[in-house]
Amino acid sequence: NLILFIIFCLFSLAIFHLQAYRGLILVLFFILWFIDRAIAQQYYNKTSNKFLVSLKITDHNLYLRQYLPKGQTIDLEFDRAQIKETAIFPRTLYSDGFQAEIKQCWQVILFLQDETDLLVDEQTTPEKALKKAKILAKALETPIIFLESEGNHPYATRELSPVSKENTNTIQLESKNNKYHLYSQWRIRDTWQLFKQILVRSGFLIFVIISTNFMVRFGGILDAFITPFFSQQQAVIYWPSITQWFSIKFDLETYLELGLAIGIIIFQGAKISRSQHIYLDQSLLKYYVGRHKQGQLKTPEIEAIILISEPDLMVLIFAKNQALTIDALPNPSAHREIVKKLEFALNQRG
């Protein structure tokens, strides 16, 4: 931690003395961020970097072979009686440099009776992971669960938590002639949740703007303290007042950076806060965000609705070889409420 703090101080001093080039520094950060993302996306999309494993299932044993990048293999053997369940878990992939979010994959895992986990597959979508899990579960005669999930289906690890009273009307349900319309609505009390989601989606860009300006101010503090020690004249340490240390000088670049940060917040806020709609009738379930259709499922084929609570809140609706993912709702209770009301509509439908 001390070494990291010293490095931070040196960078702050450098940025303070180069503050005339602050705009160039910001552009450099953004370029490095985009390069980091591009390299990570290229790496994750390479076939040679996919998770490769082969399974052989007999009446009594499971044989697992994992293929390593350099052509090496790891062979494992298990008694089928040791296998407890087949599990699915979403994993977010990040870049190495700036830890930028790249994409999400869905891991298929076998759990043994002693809670040892064996990663056996990774898929790009939840429906593909569920299809793979069903094949394994049928062959191994194990149940299927989604880790860290809630719901009223055997796929869930626990029952759906109750909805808090103050958030019971976040999801509205309207019905007419056996047709149902569910939609979300943002309220003032959801402002913090909205801001939190904005930071998650665009936090790096705002962080760079804020941290660069902070490092300029912090570098100025360090410079005011260190400079007298290197002066050829008698060292007289000058301590700026607190107001001098933290007073902000608004120049053109500061206004541009502030405008960019506000613009990012407004753009992401408008994007996230769009109402989400589900239209349900006897034949189809249609899902919209704002006016843009995200997908649809055949109503008779819907088999499960579950809530994933970790690592990010999302609602999964599964039909035959298809799935819809609903996230970015106004508050955590809204995710549970939409599961509850959608199940009610499906049950009313017949």
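Note that the structure is predicted; figures quoted are calculated from it, not measured. Side chains are part of it too, since the values below use all heavy atoms of this structure and drop only hydrogens, waters and symmetry mates.
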Original post:
Just wondering, are more than 12 heavy atoms of other shown residues or ligands nearer than 6.0 Å to CD in Glu159?
Top reply: no

**OP:** Output the distance between atom CD (Gln104) and atom CG (Asp327), rounded to the nearest 0.5 Å.
**Re:** 8.5 Å

**OP:** Go through the steps for Cys105 and Leu93 under the test side-chain contact (heavy atoms from CB on, under 4.5 Å), then give the verdict.
**Re:** CA-CA 7 Å; Cys105 71; Leu93 303 176; 4.2 Å; yes

Original post:
Do the charged groups of Arg158 and Glu310 touch, with an N to O distance under 4.0 Å?
Top reply: no

**OP:** Please test Glu150 against Arg336 for salt bridge (Lys or Arg N to Asp or Glu O under 4.0 Å), starting from the C-alpha separation and ending with a verdict.
**Re:** CA-CA 8 Å; Glu150 302 177 16; Arg336 295 177 174 88; 2.9 Å; yes

Original post:
Run the side-chain contact (heavy atoms from CB on, under 4.5 Å) check on Leu285 and Ile278 step by step: do they pass?
Top reply: CA-CA 7 Å; Leu285 181 152; Ile278 293 177; 3.8 Å; yes

Original post:
Can you name the residues that form a ring-ring contact (aromatic ring centres under 6.0 Å, His included) with Tyr288, not counting sequence neighbours?
Top reply: Tyr279

Original post:
Is there a salt bridge (Lys or Arg N to Asp or Glu O under 4.0 Å) between Lys131 and Glu127 once you walk through the steps?
Top reply: CA-CA 6 Å; Lys131 184 178 180 180; Glu127 62 268 25; over 6 Å; no

Subject >> Lys179: partners by side-chain hydrogen bond (donor to acceptor under 3.5 Å, both in side chains), with sequence neighbours left out >> reply: none

Subject >> Any residue meeting side-chain hydrogen bond (donor to acceptor under 3.5 Å, both in side chains) with Asp59, in chain and number order, not counting sequence neighbours >> reply: none

Original post:
Taking atom types as modelled, is there a side-chain donor on Gln113 or Gln82 under 3.5 Å from an acceptor on the other?
Top reply: no

Original post:
Between the side chains of Tyr183 and Glu174, does any donor sit under 3.5 Å from an acceptor?
Top reply: yes

Subject >> Atom NZ of Lys298: over 12 foreign heavy atoms under 6.0 Å >> reply: no

Subject >> Glu141, CD atom: more than 12 neighbouring heavy atoms under 6.0 Å >> reply: no

Original post:
Is the closest side-chain donor-acceptor distance between Ser275 and Ser184 under 3.5 Å?
Top reply: no

Original post:
Side chains of Gln276 and Tyr287: donor-acceptor distance under 3.5 Å anywhere?
Top reply: yes

**OP:** Using the salt bridge (Lys or Arg N to Asp or Glu O under 4.0 Å) rule, take Lys134 and Glu303 through it: C-alpha gap first, then chi angles, then the decisive distance, then the call.
**Re:** CA-CA 13 Å; Lys134 284 181 175 179; Glu303 63 170 300; 2.9 Å; yes

